Structures are given as C-alpha cells and as structure tokens.
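Comments concern the structure below.
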Amino acid sequence: NSCAGYLFKGEIYLFSILKKYLPKIFVLLPVIIIFAGFNYVIDPENLFSGGKYEKGIADYMLEGKNVTDIYNFDERLLQKYFIGGMQKAPDIVVLGPSRAFLINANVLNVKGEKVVNNSISGSTIEDEMAIFDMYLKKGWCPKKIIIGLDPYYLNEKKPSSKLYRTVREYYFDMCDS
C-alpha cells in the first residue's frame with residue numbers, strides 16, 4: 001500500500017504545479033497563437049507558399065526581367081520552374097555552385113548563342129544531374145555544358161541528401177537512365 005500513498009503524493013505534487021503555472025499558460029497561449037498565426041499568414045520564410053514565390057520569380061525571369069533583392073527562396077525549385085517555362089533550348093548551359101554565378105555570354109565571349117546559367121548556391125553533383133535531367137525531359141540537349149566544379153564535390157563526407165530534395169525526382173530519373 002506504500003505505492004498507493006506515493007501515487008497520491010505524486011498527484012498532489014502535479015496538481016500543485018498545475019495550479020501554480022496554469023494561469024500563466026492561459027495568459028501566454030493567446031500570444032503564442034497570435035504570433036504563430038501571424039507568421040503563417042505572412043510566411044516570411046516561404047514555408048507554406050507551395051512554391052508560389054519561386055514560380056513568380058521564374059515568371060519574371062522568363063519575361064527577360066532582372067530579379068534582385070529576393071531572399072528565403074528555394075533555388076532548386078526556382079530552376080525547376082525556370083527550365084519548365086523556357087520556350088527555346090539554350091545553346092550553352094552553366095551548372096555549378098555560386099562561384100559559377102557570373103559566367104555568362106560575355107565571360108564566355110560567345111555571340112549569337114543563348115547561354116543559361118543554372119548555378120545554385122551550395123550545389124551538389126546531384127543538383128547538377130537533376131537540372132540536366134530537366135533539360136533532357138524537355139527533349140533538349142544543349143551544345144555545351146559548363147560545369148563549375150568545387151573541391152567539396154569530391155568530399156565524400158559532405159552531407160548533401162537534404163540539399164536537392166525539391167529536385168530529387170529528376171536526380172533519380174537521371175540515375176535510372
């Protein structure tokens with residue numbers, strides 16, 4: 001019967017804690033709900049937009065407009081929408097990490113050829129394979145592909161599985177072909 005007494009003391013202790021903190025919880029709960037609701041509606045990290053933000057950026061780019069001052073977006077998803085909306089196959093495709101961002105037709109000294117730079121910040125070889133597969137799915141095979149290769153591409157300990165998740169289907173398709 002000593003267990004029954006222990007349980008009873010435990011229940012009293014739990015009740016005294018609840019009695020002490022429950023009013024504070026009820027006061028803070030509406031504040032927490034308001035903050036959570038505000039963040040959901042505003043969605044500053046674009047977590048709940050379902051890709052609308054990236055699709056809008058891609059649409060501007062496809063119209064030939066320069067897009068600046070964008071933040072908190074999925075670069076891989078942007079590439080998916082951009083390539084998906086292209087009407088004409090590029091002659092030269094640039095793939096790679098952010099160090100390849102500045103490679104364009106002027107740097108390559110090419111005239112009359114369409115150069116598209118599909119570089120991604122912190123890209124992996126899986127990203128590049130996935131992006132190339134997006135072109136293949138459209139039946140396009142660019143004349144030239146320039147790959148910016150960073151030393152970390154060859155580092156087997158670099159975790160990359162989370163990076164290419166929004167274009168994963170293209171990567172797996174590329175591996176299967």
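Everything numeric here is computed off the predicted structure, so don't read it as measured data.
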Any idea which heavy atoms bring Y60 and V67 closest together, and the distance?
CB-CG2, 3.7 Å
F82 to V116 - nearest heavy-atom pair and separation
CE2-CG1, 3.7 Å
Could you see if V94 belongs to whatever hydrophobic cluster contains L149? Use Ile, Leu, Val, Met, Phe, Trp, Tyr and a side-chain cutoff under 4.5 Å.
no
L77 vs K80, test: side chain to side chain contact (heavy atoms under 4.5 Å, CB included). Steps then yes/no.
CA-CA 5 Å; L77 196 55; K80 178 180 175 180; 4.0 Å; yes
Step by step, work out the side chain to side chain contact (heavy atoms under 4.5 Å, CB included) result for I146 and V115.
CA-CA 10 Å; I146 298 171; V115 178; over 6 Å; no
What is the distance from atom NZ of K88 to atom CH2 of W140, rounded to the nearest 0.5 Å?
10.0 Å
Hydrophobic clusters here meaning ILVMFWY residues chained together by side-chain heavy-atom distances under 4.5 Å, can you tell me if L95 and I103 are in one?
no
For residues 100-121, pull every pair meeting side chain to side chain donor-acceptor pair (under 3.5 Å), keeping only residues two or more places apart or in separate chains.
E75-S121, Q79-N118, N117-S119, N118-Y135
Quick one: closest heavy-atom pair of D150 and P97, and the distance?
OD2-CG, 3.2 Å
Determine whether a donor-acceptor pair (N or O, by modelled atom type, separation under 3.5 Å) exists between the side chain of N39 and the backbone of A36.
no
When rounded to the nearest 0.5 angstrom, what distance separates CZ in F132 from CD1 in I125?
12.0 Å
Which heavy-atom pair separates S123 from R76 by the least distance, and what is that distance?
CA-NH2, 4.0 Å
State, to 0.1 Å, how close V93 and P90 come at their nearest heavy-atom pair, and which atoms those are.
CG2-CG, 3.6 Å
One should read off an interatomic distance between M86 CE and L62 CG, to the nearest 0.5 angstrom, of 8.0 Å
If a pair satisfies side chain to side chain donor-acceptor pair (under 3.5 Å) and one of its residues is in residues 62-72, list it, with sequence neighbours excluded.
E45-N72, E63-K65
So V110 and D91, do their side chains get closer than 4.5 Å, heavy atoms only?
no
Donor-acceptor pair, side chain of K138 and main chain of A89, under 3.5 angstrom
no
Would you say K144 has more than 12 foreign heavy atoms packed within less than 6.0 Å of its NZ?
no
Distance from D43 atom CG to F38 atom CZ, nearest 0.5 Å?
11.5 Å
Pairwise distance CD1(I57) to CD1(I70) - rounded to 0.5 angstrom:
4.0 Å
Can a donor-acceptor pair be found, under 3.5 Å and without considering hydrogens, that links the side chain of D133 to the backbone of M129?
no
In terms of heavy-atom contacts, A58 and L78 come closest through N-CD1, 3.5 Å
For the atom pair CD1 (I25) and CD1 (I32), what is the distance rounded to the nearest 0.5 Å?
9.0 Å
